[in-house]
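Following: one structure in structure tokens, then a few remarks.
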Amino acid sequence: NSIGKWTQALTISLALGLVDQINNGVALVEYDIGGGPQYIEGEIKESMCTPREGEWVLFNRKGIMQCNVVRHRDVESR
């Protein structure tokens, strides 16, 4: 698994990912777009919110656009 940067790769407008780690102002986000987990990292200062580890986020090439995203699947299991 390679780790990309916010500015690389993603051609979709928004993707759902899980914040795996935060280190020195850099968030590592895990996401799956067909074929297993992928990782992308970027500086939190480029994001529109402040993510926390273990939180679902919406992100794109510019950074994290929304934090604390509730997945439909999570709501159904409550």
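In this text, all values refer to a predicted model and were calculated from it rather than measured experimentally.
With E41 as reference, L28 is the one residue of L28, N23, I22, V29 to meet the side-chain contact (heavy atoms from CB on, under 4.5 Å) rule.
Summarising the geometry, atom CD1 belonging to I44 is positioned 6.5 Å from atom CD1 belonging to I64; distances are rounded to the nearest 0.5 Å. In this structure, E55 CD and T50 OG1 are separated by 9.5 Å, a value rounded to the nearest 0.5 Å. Taken from OG in S47 to CG in L58, the straight-line distance is 12.0 Å, to the nearest 0.5 Å. The structure places CD of E53 at 7.5 Å from CG of D20, a figure rounded to the nearest 0.5 Å.
Taking the side-chain contact (heavy atoms from CB on, under 4.5 Å) definition, one finds that M48 meets it with M65, sequence neighbours left out. Not counting sequence neighbours, the partners of E30 by the side-chain hydrogen bond (donor to acceptor under 3.5 Å, both in side chains) test are Y39.
Legend: disulfide (SG to SG under 2.5 Å) pairs involving residues 39-70, not counting sequence neighbours, sorted by first then second residue: C49-C67.
Heavy atoms only, all atoms of each residue included: L16 and F59 are closest at C-CE2, 3.9 Å. Nearest heavy atoms, S13 versus N60: O-CB, 2.9 Å.
Side-chain atoms of Y31 and I40, non-hydrogen and from C-beta on, do get closer than 4.5 Å to each other.
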